[in-house]
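Worksheet for the structure shown next.
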Amino acid sequence: MKSPVNASSSDRYRPMIQVMGLASAAAIGLGISRFAYALILPAMQADLGWSFSTAGWLNTTNALGYLAGALLAGRANRSFGPFDAMRIGVWACIASLGLCILLRDPLLLNLARILAGIGAGLAFVAGGVLAARIAARDEANAILLGLFYAGPGFGIAVSGLTVPMALAAGGNDAWPIAWGVLALAAILLAFTLRLGRPDEDEQGSAVPRPRPRLGVMATMLFAYALYGAGYIGYMTFVIAWVREGGAGIALQSATWVLIGIGAMTSPWIWGRAMQKTRNGTAFSMATLVLAFASSLVALSQTSIVLLVSAALFGATFLAVVTSTTAFVRRNLPIEHWTAGIGAMTVAFGIGQILGPVGVGVLTDLTGGVSAGQWSSTLLLCLASLIGFMQRDFARQG
């Protein structure tokens with residue numbers, strides 16, 4: 001039998017363990033099945049003869065799927081419960097990774113990427129709602145919510161350590177092996193989801209709730225869409241930009257791993273700001289840091305500048321996502337969190353749809369990468385400015 005001291009210690013760490021289990025869904029849905037495409041993109045371009053705009057479409061269709069998943073998340077949460085909806089999303093992502101091993105036709109690959117997006121949208125919204133409910137029990141723990149949003153950073157770091165080695169060993173035509181490595185990593189990580197199984201009161205009721213009036217946060221939704229377009233341009237093409245600048249496998253891997261490690265440190269760097277600031281201030285601050293990090297790649301291709309850019313970007317881009325969830329928690333009652341987080345995810349998804357193909361087309365039209373790089377920076381600056389205008393509002397009943 002556990003002693004009272006041990007039982008108390010177990011209870012104290014249970015919320016953190018739960019959130020870390022939920023973070024596995026974010027790691028698979030975003031860090032592995034979404035963001036890691038940037039590592040494989042240059043090899044697929046070279047092997048399949050794709051332009052930047054064709055390559056960008058695979059992330060645009062993934063974002064379309066993500067938008068669909070976000071729109072379906074509320075119904076899935078009510079039908080299955082958030083935890084099971086999250087698991088369904090995770091296994092949809094894993095199925096997509098398996099399909100990418102086998103397919104070469106761009107149309108079929110785009111369909112597989114849509115499936116990954118739907119899964120990621122379901123997993124991220126459902127997991128985010130559960131993480132927000134757990135964090136609400138312990139408001140003094142500033143990093144608890146951020147731990148969930150650090151999950152993609154772990155997936156990014158894992159892919160950065162494995163995919164470049166697979167491509168270095170097999171060359172450009174080894175990109176199906178790289179997808180296989182990602183699928184295996186996702187399957188192994190999926191077994192940790194059970195740690196995030198919530199208590200009954202955190203699962204929430206399956207009874208439909210009336211939707212809140214979300215127009216009062218229209219400014220933040222617009223800013224978040226701009227952020228989605230700006231950040232995804234960087235995340236889709238940064239490795240291609242680095243590679244075009246003559247960087248070898250080691251620098252490509254280091255750049256991606258630094259983004260992942262930075263993302264994992266984000267809760268500790270930004271946790272207090274998320275807790276203490278009000279209105280759209282935290283969102284605006286974090287997005288401005290991202291704009292600076294993005295501009296560094298456009299200004300210089302030296303190794304040290306690339307690594308500084310990656311570290312800054314990694315440590316900040318998921319803090320923006322955390323800030324929007326913190327905004328929803330601060331301004332809406334708990335029964336409306338799914339609708340609020342879902343609306344944010346939809347705005348984010350719309351931006352992600354437009355970002356990759358837009359940046360890709362600019363890169364193709366100008367014959368160089370600088371136009372695409374600067375467009376990401378400009379979008380992030382606009383997002384920061386508009387997000388600063390958002391004010392908190394009275395909780396709605």
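- A donor-acceptor contact shorter than 3.5 Å is absent between the side chain of T255 and the backbone of L307.
- A donor-acceptor pair under 3.5 Å is absent between the side-chain atoms of S294 and the main chain of L290, judged by distance alone.
- With values rounded to the nearest 0.5 angstrom, F83 atom CZ is found 9.0 Å from R194 atom CZ.
- When atom types are taken as modelled, the side chain of Q390 and the backbone of M220 share a donor-acceptor pair closer than 3.5 angstrom.
- Side-chain N/O atoms of T192 and S24 include a donor and acceptor closer than 3.5 Å.
- Using modelled atom types, one side-chain atom of N62 and one backbone atom of R113 make a donor-acceptor pair closer than 3.5 Å.
- A continuous path of ILVMFWY side-chain contacts below 4.5 Å connects L251 to I261, so both sit in one hydrophobic cluster.
- W270 places no side-chain N or O within 3.5 Å of a backbone atom of L318 that could act as its donor or acceptor partner.
- Note: F348 and Y66 have perpendicular aromatic rings, judged against thresholds of 30 and 60 degrees for the angle between ring planes.
- Annotation: the span from M264 atom CE to I259 atom CD1 amounts to 12.0 Å, rounded to 0.5 Å.
- Note that CG of L195 and CE of M20 are 8.5 Å apart. Values are rounded to the nearest 0.5 Å.
- Between N172 and L167 the shortest side-chain heavy-atom distance does not fall below 4.5 Å.
- Between L22 and M86 there is a side-chain heavy-atom pair separated by less than 4.5 Å.
- With hydrogens and angles ignored, the 3.5 Å screen pairs a side-chain donor or acceptor of R330 with a backbone N or O of N279.
- Listed for the S253 side chain is no donor-acceptor partner under 3.5 Å among the backbone atoms of A250.
- A donor atom on one side chain and an acceptor atom on the other are found under 3.5 Å apart for W256 and S159.
- With hydrogens and angles left out, the side-chain atoms of T287 and S384 include no donor and acceptor closer than 3.5 Å.
- Between Y227 and T324, every side-chain heavy-atom pair lies at or beyond the 4.5 Å cut-off.
- In this structure a side-chain-to-backbone donor-acceptor pair under 3.5 Å is missing from S284 to T281.
- Taken to the nearest 0.5 Å, the CD atom of Q45 stands 9.5 Å off from the CG atom of L48.
- Between W50 and L58, some side-chain heavy-atom pair lies under the 4.5 Å cut-off.
- Between T377 and W374 there is a side-chain heavy-atom pair separated by less than 4.5 Å.
- In this structure, F35 has its ring center under 6.0 Å from that of F317.
- The distance from the OG atom of S33 to the CH2 atom of W179 is 8.0 Å, given to the nearest 0.5 Å.
- Checked by atom type and distance alone, the side chain of S79 never pairs as donor or acceptor with a backbone atom of A76 at under 3.5 Å.
- For the pair Q18 (side chain) and I134 (backbone), a donor-acceptor distance under 3.5 Å is absent.
- Under the salt bridge (charged side-chain N to carboxylate O under 4.0 Å, His left out) criterion, the residue pairs touching residues 42-67 are D47-R104, with sequence neighbours excluded.
- The distance from the CZ atom of F292 to the CG atom of L299 is 8.5 Å, given to the nearest 0.5 Å.
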